[in-house]
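Report on the structure given below.
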There are 2 protein chains.
Amino acid sequence: MADSPENFADTIESLKSLGLTKYEALVYIALLKVEGASATEIHEISGVPRASVYPVLDRLVQKSLVTVSHSTPRRYNAAPPDEGIERLLRDIREGADRAREALIAIYEKRSGPDRGSQELIWSIHGDENIRTRIADLALHATESIVAVSSFPFLKRSLLPLLEKTGPDMSVVIITDHWEGKTRDSVTVRLLPAAIHNAKPLSMRDTAGMFIFDQKKALVLMGPEKGPLTALYSESPGFISFFLRYFTFIEEIAGDAP
Amino acid sequence: MADSPENFADTIESLKSLGLTKYEALVYIALLKVEGASATEIHEISGVPRASVYPVLDRLVQKSLVTVSHSTPRRYNAAPPDEGIERLLRDIREGADRAREALIAIYEKRSGPDRGSQELIWSIHGDENIRTRIADLALHATESIVAVSSFPFLKRSLLPLLEKTGPDMSVVIITDHWEGKTRDSVTVRLLPAAIHNAKPLSMRDTAGMFIFDQKKALVLMGPEKGPLTALYSESPGFISFFLRYFTFIEEIAGDAP
DNA sequence: TAAATGTTGTTATAACAACAACAACAAGTG
DNA sequence: CACTTGTTGTTGTTGTTATAACAACATTTA
């Protein structure tokens, strides 16, 4: 568990993310090991300088992570880990809830020139961020979705969402292979295997193209290795380029079995 | 919402607890107000020095709170508050979960002299910490609980737990007044009103005494105002003192209606 | 078209705050 | 008296804030 140096360092870092200083974390952990320890014992177990242990303990008592017996020498007990962590986390969670409300209020009255959105090309980094954006776009699409992507990526990004799209939605998917059933409104085309790896937008897991309502496009352009990257734009030029590319791909794709 | 200075400061502090620096928080909030802002605009809205905005934005992009369009000038968009807060909070929560497991492993192999626990008197501060301790003690008690306390405090500390105690548990409660039904194993006695305010352990909300299994005692000794404080001990001397005090109180208490 | 001006992006430096680390001393205890 | 405990002050380190300066680029002006 926390025996190895990496795990121990991770525990310290996590406690610091929860608002403790390094010394506070070390002292709390030391106290979890021994019941009723004195400041000198805590110093010996934790490695925190003895003179520093006192103010650290005072702060931990203030944070209700430690209880004190005013004996001579003073002795201290740690709150059990469940309680301790929950206490720290709850404060942060409550603050986060308040911040979320405040920020939503700000976000909802965004103002100023709706500038650049429709002409700019945005970089999105990370598999999860990209999938979140795809999900958002799919759920807000009203007329059509076209997608060119590998089946694995489709499976973990777009496909689960097709259950939730409206009945008037037209969906066309071009992919490298297909499993499972499709709804009537979903058309699936297969690219011949020879085409997969011969084009810029090959069917490797890290490439793909999604167009929503013929107005919003997201293109996976990640490197073969490393974090996934996508470009997103509502620029008519960008859209029209990829719509043409899609039309070309569609002509050489075959029906799915 | 975040319009008033106190709320704004609270939002900043909460974002800082979530791991952002002050500048990062200010920039993120500014970006929530305007879509597609340039660095200079962010500087104007947020008050963060223009030269500092750039590295701050880089870090926010790294944290996936902001997306960038590599236009000239570069333009930035904020992730919606829901997503942003959740992203920050999730990292902390996951770290907290790992830390909890690691700390429980440590706590469960506590070693060393079981020193002082049975002889020391421990200070517990705060209403909630005290009630948590009372709950823990009540749930682990196997034979008897005796309590002298005001009804309001009993109602929010011990009474909800009596539903969960074992059938062989003997419970005796002395209080200032009583409402509701009692289980057969619970004996309630009432102190005459004249006694309430004439003793050190008066029936004000901030005073009380709880003894579990005749081995563990918790005494509320809080000031009239300010945070509640309690002493807890398993010291035989401490226990016997309060058991004698309890016996005296019991002799002058009358049956509850 | 060239020069002047303004904007953008980057880097370096100084100041500040908080924490870590250490030294020293007084008070209390055995 | 020696040792332990508790407290305080100082120094060093780190990260953030705040500012200055400069180069490169873009736009405007003559």
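Residue numbers start from 1 in every chain, and the chains themselves are labelled A, B, ... in the order their sequence lines are given, proteins ahead of strands.
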Self-check item: Of A:Thr72 and A:Thr21, the one whose closest DNA chain C nucleotide lies more 5'
Solution: A:Thr21
Quiz item: For DNA chain D, what residues of residues 51-62 of chain A have any heavy atom nearer than 4.0 Å?
Solution: A:Ala51, A:Tyr54
Quiz prompt | Lys/Arg N to Asp/Glu carboxylate O, A:Arg50 vs A:Glu41, below 4.0 Å | solution = no
Practice problem: Under 4.0 Å between any heavy atoms, over every strand shown, what does B:Arg74 touch: base, sugar-phosphate, or nothing? Just pick one. | Solution: sugar-phosphate
Exercise. Compare side-chain N and O positions of A:Lys22 against OP1 and OP2 of C:dA18 and report whether any pair is under 4.0 Å apart.
Key: no
Exercise. Salt-bridge test for B:Asp127 and B:Arg131: reply yes if a basic N is under 4.0 Å from a carboxylate O, no otherwise.
Key: yes
Exercise. Establish, from distance only, whether the side-chain atoms of A:Arg98 and B:Asn7 form a donor-acceptor pair under 3.5 Å.
Key: no
Quiz prompt | Along DNA chain D, first and last positions that approach a heavy atom of chain A under 4.0 Å | solution = D:dT5 to D:dT8
Practice problem: Taking all heavy atoms of A:Tyr28 and all of A:Leu65, pick out the closest pair and write down the distance. | Solution: CE1-O, 3.5 Å
Quiz item: In chain order, what residues pass the ring pair (Phe, Tyr, Trp, His ring centres under 6.0 Å) check against A:Tyr23, with sequence neighbours excluded?
Solution: none
Practice problem: With the side chain of A:Pro49 defined as its heavy atoms from C-beta on, choose the nearest nucleotide among C:dT29, C:dC19, C:dA21. | Solution: C:dA21
Exercise. Give a yes or no on whether the ring-centroid distance for A:Phe242 and A:Phe246 is below 6.0 angstrom.
Key: no
Quiz item: Could you give the CZ-to-C1' distance, from A:Arg50 to C:dA26, as a whole number of Å?
Solution: 12 Å
Quiz item: Would you say the side-chain atoms of B:Asn77 and B:Thr67 include a donor-acceptor pair closer than 3.5 Å?
Solution: no
Quiz item: So, B:Glu86 and B:Arg93, do they make that salt bridge, N to O below 4.0 Å?
Solution: yes
